[in-house]
K.L.:
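I have a structure I would like to understand better, so I am pasting it below and will then ask my questions one at a time.
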2 protein chains.
Amino acid sequence: MPPQKDARTKLLDAAMAVIRGKGFAATSVDELCQTAGVTKGAFFHHFRSKEELGVAVAKHFGEMAAGLFATAPYQTMTDPLDRLLAYVDFRTAILAGEIPEYTCLLGTMVQEAYATHPAIRAACEREITGHALTLAPDIAALLARQGRSDIDPAGLALHIQGVLQGAFILAKATGDARVAADSLGHLRRYLTLLFETQPQRKALP
Amino acid sequence: MPPQKDARTKLLDAAMAVIRGKGFAATSVDELCQTAGVTKGAFFHHFRSKEELGVAVAKHFGEMAAGLFATAPYQTMTDPLDRLLAYVDFRTAILAGEIPEYTCLLGTMVQEAYATHPAIRAACEREITGHALTLAPDIAALLARQGRSDIDPAGLALHIQGVLQGAFILAKATGDARVAADSLGHLRRYLTLLFETQPQRKALP
DNA sequence: ACATACATACCAACCAGTCGGTATGTTATC
DNA sequence: GATAACATACCGACTGGTTGGTATGTATGT
């Protein structure tokens with residue numbers, strides 16, 4: 001089955017790799033077809049336009065990521081804080097690879113396409129918030145444990161995604177994944193400061 | 001004097017606005033010239049290539065930002081923590097405008113150009129770290145005050161820039177600046193948790 | 001026979017970059 | 001102070017290659 005991928009899947013996989021390396025606009029349909037080993041006819045058979053591929057590849061990336069994190073080892077942990085910190089550690093560990101391997105296709109695409117391709121923007125929003133919301137139950141449990149009703153679980157989940165996106169930009173700018181890892185270290189410290197201290201009656205910071 | 005800007009400056013100003021809206025690759029030289037009200041001849045008189053404009057506009061943006069923050073009201077504050085938090089508040093306040101007005105040209109450009117245009121990547125790194133380092137002295141003072149030698153001032157300064165970049169991506173993805181503001185709220189809370197508590201002998205998180 | 005899944009051939013628009021030319025300084029020489 | 005020599009700033013038509021997209025073909029499974 002592995003070598004029997006159809007043209008659509010091959011194009012989506014190629015798009016994931018190439019777009020993460022050079023962005024959506026700089027990636028041409030021709031290059032995508034060449035990388036995927038199919039012809040332009042196949043491309044426009046499966047996607048009515050380049051924009052439609054952008055929407056599809058966002059979904060494709062979301063599904064791949066969902067599978068990656070759903071089967072990650074830390075999911076067996078029982079304590080929500082352990083699991084949340086293990087998520088951050090897991091993302092930090094992935095930084096050991098090459099830039100196009102660990103960066104987020106959604107952040108890369110939405111950055112250039114948010115104004116020019118509304119459909120792509122919407123698709124990226126869907127996948128990013130969808131992934132963020134997988135963290136929300138644990139965060140909600142932790143907030144309840146600390147008696148903090150001033151923080152929105154979904155908001156903190158999105159903040160975590162934001163820090164990740166920012167870390168990717170730092171890595172791209174410096175060419176050094178350690179800068180990104182250091183940033184995720186600060187995120188980790190924030191979460192421990194929030195959740196590893198005693199529950200409080202009056203809301204502090 | 002305002003209407004007497006030369007072609008080079010007009011092109012750089014136009015590039016700052018247009019590239020923040022649609023990215024570097026999707027912006028054509030022709031569109032830049034049209035927006036700036038100059039001809040293509042003028043463009044290639046001042047810049048040998050589109051890439052060279054990219055490098056120049058990164059520097060241009062850095063200088064504009066430096067001016068903006070150097071003259072910001074909070075610079076008169078005396079306490080380093082007040083000043084650092086006021087910086088975050090200042091950046092949060094700017095989010096009230098339109099997306100292309102408050103987002104960072106450097107993050108937008110380096111995201112697409114880090115692999116294809118090394119010179120642009122280097123220019124963006126220079127400007128981002130340069131701006132981050134303006135926060136480092138206050139951060140160093142605060143870390144010393146807390147007796148924390150386990151945190152690198154420049155690293156925390158870069159983390160702050162990373163969170164900002166991530167917040168911009170969240171705003172672009174959701175089309176809602178409040179999501180970005182909420183993320184900066186978490187950054188603010190992290191800084192207060194770090195710096196508003198009592199100095200400690202043994203390093204905690 | 002008919003739809004699905006591709007391949008081939010092609011097109012008009014657009015792209016970054018070039019080139020010959022002009023207008024307006026600035027400097028040097030006499 | 002006049003003039004020649006050169007530099008800078010800018011113009012806009014042009015070019016060769018690339019772009020996203022189309023039109024039409026063919027092979028295969030049902």
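Below, chain A is the first sequence line, B the second, and so on; all start at residue 1.
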K.L.:
Quick one: A/F44 CZ to D/dG20 C1', roughly how many Å, whole number?
P.N.:
5 Å
K.L.:
Closest approach of B/V18 and B/T35, non-hydrogen atoms and distance?
P.N.:
CG2-OG1, 4.0 Å
K.L.:
May I ask you to say whether B/D79 pairs ionically with B/R145, meaning some side-chain N is under 4.0 Å from a carboxylate O?
P.N.:
yes
K.L.:
Apply side chain to side chain contact (heavy atoms under 4.5 Å, CB included) to A/H131 and list each qualifying residue two or more places apart in sequence or on a separate chain.
P.N.:
A/F69, A/Y87, A/R91, A/T134, A/Q161
K.L.:
What integer distance in Å separates A/F43:CZ from C/dA5:P?
P.N.:
16 Å
K.L.:
Figure out the CG/C1' separation between A/L53 and D/dT19, and round it to whole Å.
P.N.:
15 Å
K.L.:
Using heavy atoms and a sub-4.0 Å distance, could you list which residues of residues 13-36 of chain A are near DNA chain C? By number, please.
P.N.:
none
K.L.:
Between the opening five pairs and the closing five pairs of the helix from C/dA1-D/dT30 to C/dC30-D/dG1, how far apart are the helix axes, to 10°?
P.N.:
10°
K.L.:
Between atom CZ in B/F47 and atom P in D/dC10, what is the gap in whole Å?
P.N.:
11 Å
K.L.:
Residues in salt bridge (Lys or Arg N to Asp or Glu O under 4.0 Å) with A/E101, at least two apart?
P.N.:
none
K.L.:
Please test A/R188 against A/D182 for salt bridge (Lys or Arg N to Asp or Glu O under 4.0 Å), starting from the C-alpha separation and ending with a verdict.
P.N.:
CA-CA 10 Å; A/R188 196 187 200 286; A/D182 192 52; over 6 Å; no
K.L.:
Can you name the side-chain hydrogen bond (donor to acceptor under 3.5 Å, both in side chains) partners of A/R8, sequence neighbours left out?
P.N.:
none
K.L.:
Side chain of A/E125, backbone of A/R121: donor and acceptor closer than 3.5 Å?
P.N.:
no
K.L.:
Could you go through nucleotides 6-12 of chain C and list every protein N or O atom that sits under 3.5 Å from one of its N or O atoms, giving the distance for each pair?
P.N.:
{"residue": "C/dC6", "atom": "OP2", "partner": "A/H46", "partner atom": "NE2", "Å": "3.1"}
{"residue": "C/dA7", "atom": "OP2", "partner": "A/T39", "partner atom": "N", "Å": "2.9"}
{"residue": "C/dA7", "atom": "OP2", "partner": "A/T39", "partner atom": "OG1", "Å": "2.7"}
{"residue": "C/dA7", "atom": "O5'", "partner": "A/T39", "partner atom": "OG1", "Å": "3.3"}

K.L.:
Taking all heavy atoms of B/G162 and all of A/L170, pick out the closest pair and write down the distance.
P.N.:
CA-CD1, 3.8 Å
K.L.:
Looking at A/F24, does the NZ or CZ of A/K50 lie under 6.0 angstrom from its six-membered ring centre and within 45 degrees of the ring axis?
P.N.:
yes
K.L.:
How many Å lie between CG on B/L11 and C1' on D/dA9, as a whole number?
P.N.:
12 Å
K.L.:
Locate the shortest heavy-atom distance separating B/T103 from B/R20; write the atom from each residue and the value.
P.N.:
O-NH1, 2.7 Å
K.L.:
Work out which heavy atom in B/D138 is nearest to a heavy atom in B/P80; give both atom names and the distance.
P.N.:
OD1-CB, 3.7 Å
